[in-house]
Participant: 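Before we start, here is the structure in question, set down as structure tokens.
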Amino acid sequence: MARRPRERRRSPMQLLGSVLLTLSAVAGAIAIVAVIVCAVAGMRPVVVISGSMEPTLPVGSLVFYRTVPAADARPGEIVTVPRQDGGTGLITHRVVSTTTTPAGTTLRLKGDANKTEDPLPYHVTSLGAYVGNVPVAGTVALAARTPLGIAAVGTYVAVMVGVIVFGRRREGPARSRTRGRRVAPAAE
């Protein structure tokens with residue numbers, strides 16, 4: 001009866017390397033799928049940076065929207081439009097009312113947490129129709145763009161490379177399963 005070779009215990013570095021590599025692979029796969037789904041479905045992401053739509057859209061959520069004609073907007077729907085107050089960026093609020101003319105559509109919007117409608121109407125020809133959101137993902141996306149976030153990602157990559165390069169045990173062909181003793185080549 002042939003003896004089964006003993007399973008070798010993995011070092012802490014090998015275990016850490018396996019865990020980090022698995023987490024990286026899962027995160028990478030999720031990111032690739034998300035990008036493909038957004039591209040195929042024509043969706044765009046935007047990060048919620050204020051509490052005006054809480055609790056529906058918590059601060060730090062990543063909201064996905066699809067561009068549609070403004071005439072399709074209906075009261076009660078969540079939409080994303082350019083700011084009308086001279087500021088840059090986008091506003092994601094709920095439609096209160098719409099008025100469509102040949103020149104375009106005028107929307108009155110209100111954040112769920114706000115007591116009153118937005119002070120200015122939004123004159124648009126197209127808008128972002130809300131598709132869904134992922135809580136906290138926007139915070140992560142914004143953090144990854146900061147100098148500290150970039151340093152953290154760089155450090156993670158460096159640790160991964162170190163664990164992969166230095167975490168393996170190297171074995172020569174004559175040392176496998178012999179506890180370090182050299183074995184003479186088998187005669188044929």
Side-chain angles (χ1 to χ4, degrees), residues 20-158 160:
L20 291 176
L21 191 57
T22 300
L23 290 175
S24 297
V26 169
I30 290 170
I32 289 169
V33 168
V35 167
I36 290 171
V37 167
C38 284
V40 169
M43 292 188 299
R44 305 224 17 189
V46 64
V47 178
V48 176
I49 58 172
S50 79
S52 66
M53 282 298 291
E54 287 190 332
T56 307
L57 301 174
V59 173
S61 295
L62 190 62
V63 171
F64 295 93
Y65 68 88
R66 193 171 13 91
T67 302
V68 298
D72 292 352
R74 300 288 175 258
E77 294 179 339
I78 298 172
V79 297
T80 300
V81 295
R83 296 179 67 95
Q84 296 293 311
D85 60 4
T88 59
L90 301 170
I91 297 284
T92 300
H93 279 174
R94 197 172 297 276
V95 176
V96 175
S97 65
T98 66
T99 306
T100 302
T101 65
T105 300
T106 300
L107 303 172
R108 295 301 301 199
L109 304 179
K110 178 182 171 294
D112 289 357
N114 297 346
K115 293 181 180 176
T116 60
E117 291 180 8
D118 295 354
L120 297 173
Y122 297 86
H123 306 287
V124 293
T125 56
S126 65
L127 54 81
Y130 174 79
V131 174
N133 72 297
V134 180
V136 183
T139 301
V140 173
L142 289 179
R145 295 172 57 180
T146 66
L148 183 60
I150 293 168
V153 170
T155 301
Y156 179 79
V157 169
M160 282 296 301

Participant: Identify each donor-acceptor pair in which a side-chain atom of residues 23-43 lies under 3.5 Å from a protein atom, sequence neighbours left out, and give them as a table.
Facilitator:
| residue | atom | partner | partner atom | Å |
| --- | --- | --- | --- | --- |
| Ser24 | OG | Leu20 | O | 2.9 |
| Ser24 | OG | Tyr156 | OH | 2.4 |

Participant: Within the side chain of Arg108, is there an N or O that forms a donor-acceptor pair under 3.5 Å with the backbone of Asp118?
Facilitator: yes
Participant: Taking all heavy atoms of Ala73 and all of Val95, pick out the closest pair and write down the distance.
Facilitator: CB-CG2, 4.4 Å
Participant: What is the distance from atom OG1 of Thr98 to atom OH of Tyr122, rounded to the nearest 0.5 Å?
Facilitator: 15.0 Å
Participant: Considering only residues two or more places apart or on different chains, which pairs with a residue in residues 36-58 satisfy side-chain hydrogen bond (donor to acceptor under 3.5 Å, both in side chains)?
Facilitator: Ser50-Ser52, Ser52-His93, Thr56-Asp112
Participant: Taking it one step at a time, do Met160 and Leu21 satisfy side chain to side chain contact (heavy atoms under 4.5 Å, CB included)?
Facilitator: CA-CA 7 Å; Met160 282 296 301; Leu21 191 57; 3.8 Å; yes
Participant: Quick one: pull up CG in Leu120 and OG1 in Thr106 and give me the separation to the nearest 0.5 Å.
Facilitator: 12.0 Å
Participant: What are the two closest non-hydrogen atoms of Val68 and Ala129, and how far apart are they?
Facilitator: CG2-CB, 3.9 Å
Participant: Enumerate, atom names and distances included, each donor-acceptor pair closer than 3.5 Å involving a side-chain atom of residues 136-147, sequence neighbours excluded.
Facilitator:
| residue | atom | partner | partner atom | Å |
| --- | --- | --- | --- | --- |
| Thr146 | OG1 | Ala143 | O | 2.7 |
| Thr146 | OG1 | Gly149 | N | 3.0 |

Participant: Using the side-chain contact (heavy atoms from CB on, under 4.5 Å) definition, which of the options Thr67, Asp72, Thr105 pairs with Ser126?
Facilitator: Thr67
Participant: What are the two closest heavy atoms between Gly51 and Ala113, and how far apart are they?
Facilitator: O-CB, 3.4 Å
Participant: For Leu62 and Pro45, work out which heavy atoms get closest and say how close.
Facilitator: CD1-CB, 3.8 Å
Participant: Could you check whether any side-chain heavy atom of Tyr65 comes within less than 4.5 Å of a side-chain heavy atom of Leu90, counting everything from C-beta outward?
Facilitator: yes
Participant: Could you tell me which non-hydrogen atom of Ser61 sits nearest to which non-hydrogen atom of Pro135, and how far apart they are?
Facilitator: OG-CA, 3.6 Å
Participant: Rounded to the nearest 0.5 Å, what separates atom CD1 in Ile78 from atom CG in Asn133?
Facilitator: 8.0 Å
Participant: With side chains defined as the heavy atoms from C-beta onward, is the minimum distance between Leu107 and Val124 less than 4.5 Å?
Facilitator: yes
Participant: Nearest 0.5 angstrom please: Met53 CE to Leu109 CG, how far?
Facilitator: 9.5 Å
